[in-house]
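Down below is the structure, laid out as structure tokens.
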Amino acid sequence: MSSQLRRVLLSNRNPIVLLRNNRNGIVDLQSHRLYHSAISSPTNFTNTINNNNTNNNRDQNVLKVTAFGFLLESRRGYAKAKKSKDDSGGTVEIEDMRPAIKASALSQMEAAIDSLSRELMKLRTGRASAGMLDHIIVETSGVKMPLNHLAVVSVLDQKTLSINAYDPNTLKALEKAIVSSPLGLNPKVDGERLVAAIPPLTKEHMQAMCKVVSKCSEDVKQSIRRARQKALDTMKKAGSSIPKDDAKRLEKEIDELTKKYVKSAEDMCKAREKEITQG
């Protein structure tokens, strides 16, 4: 700040109007316009101050400080803001986009893993699993609902499932939906429940299931890599708003997330293939 401006500010006895940003306390552009007005025309600075005070006297969001305070606040504002110029020549704060970019990539990768988990659960292995019927849709009284909303599925032993309906009147609808599913199950009515024996998988069925697992693995890895690429594209669009060192650091963090979730997907698929082939 020039010595001439300091003299003008400190010789002025009237308060200066400063509008503050309620979010982070940085002096806003009106204060910066006062600052630049004082630099360009120090002799008219007192009139500018008086006019602003008169116009904003009733505004509760206006903060009045002394000329000395204006010096302090101007320095703080310039220190906190990014070095980006607005149309009036003042500095404006640039929002840090890095946390949002990373959070978005993380959310997409987690969604891909959740989707994979659901798809793998649909595949029948040689063992009974309480979740293997969750994806089956049952139509009852003209309404379609997931099976797990109509019944509790439990494992009696490694080769047998028990389906206990909340409403015994839905047993027929449950039986029909299970038989129509691609799982190859043929449940029997046992009182007020259904009992489904898990038949052993044929060699052909095992091979077909392993191919499905392999395709699921590739699909989810592509989704994870797309999330990575989308994050990198967003960084590029941000341009100079993200410093080079910060951009490199963020790219490294995104790459580490990508490797972590790709490995997680591979481990899940290998475990499912093992369940299929070993029964």
Checklist entry - Who are the side chain to side chain contact (heavy atoms under 4.5 Å, CB included) partners of S217, not counting sequence neighbours? => result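 Testing S217 for side chain to side chain contact (heavy atoms under 4.5 Å, CB included), a comparison that skips the adjacent residues, returns K221, C269.
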When you check the gap from the basic side-chain N to the acidic O, do [X] and [Y] get nearer than 4.0 Å?
X	Y	answer
R127	E275	no
K248	E251	no
D233	K230	no
D245	R249	no
D219	K215	yes

Treating Ile, Leu, Val, Met, Phe, Trp and Tyr as nodes and any side-chain heavy-atom pair under 4.5 angstrom as an edge, say whether [X] and [Y] lie in one connected cluster.
X	Y	answer
I137	L123	no
V153	M121	no
I136	I198	yes
I254	M97	yes

- Search all heavy atoms of P199 against all heavy atoms of G184 and return the closest pair with its distance.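 Nearest heavy atoms, P199 then G184: CG-O, 3.9 Å.
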How close do A130 and D134 get, heavy atom to heavy atom, and via which atoms?
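It is O-OD1, 4.0 Å.
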Report task. Please check if atom CD in E256 has more than 12 non-hydrogen atoms from other residues, nucleotides or ligands closer than 6.0 Å. Result ->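 Enclosed.
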- Message: Tell me which one of E273, K270, M268 satisfies side-chain contact (heavy atoms from CB on, under 4.5 Å) with V213.
- Response: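 It is E273; the other options fail the test.
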**Study point:** Donor on one side chain, acceptor on other, T160 and D157, under 3.5 Å
**Key:**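 Yes.
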Q: Using atom types as modelled and distance alone, determine if a side-chain donor or acceptor of S180 lies under 3.5 Å from a backbone N or O of A177.
A: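 Checking the backbone N and O of A177 against the side chain of S180, no donor-acceptor pair under 3.5 Å is found.
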Using 0.5 Å steps for rounding, measure from the CG atom of L116 to the CZ atom of R118.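 Taking CG in L116 and CZ in R118, the distance rounds to 9.5 Å.
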Run the numbers on V138 and K176 for side chain to side chain contact (heavy atoms under 4.5 Å, CB included), then give the verdict.
CA-CA 8 Å; V138 182; K176 180 181 178 181; over 6 Å; no
If you apply the rule side chain to side chain contact (heavy atoms under 4.5 Å, CB included), what do you find for L150 with T140, and how did you get there?
CA-CA 10 Å; L150 297 170; T140 176; 4.0 Å; yes
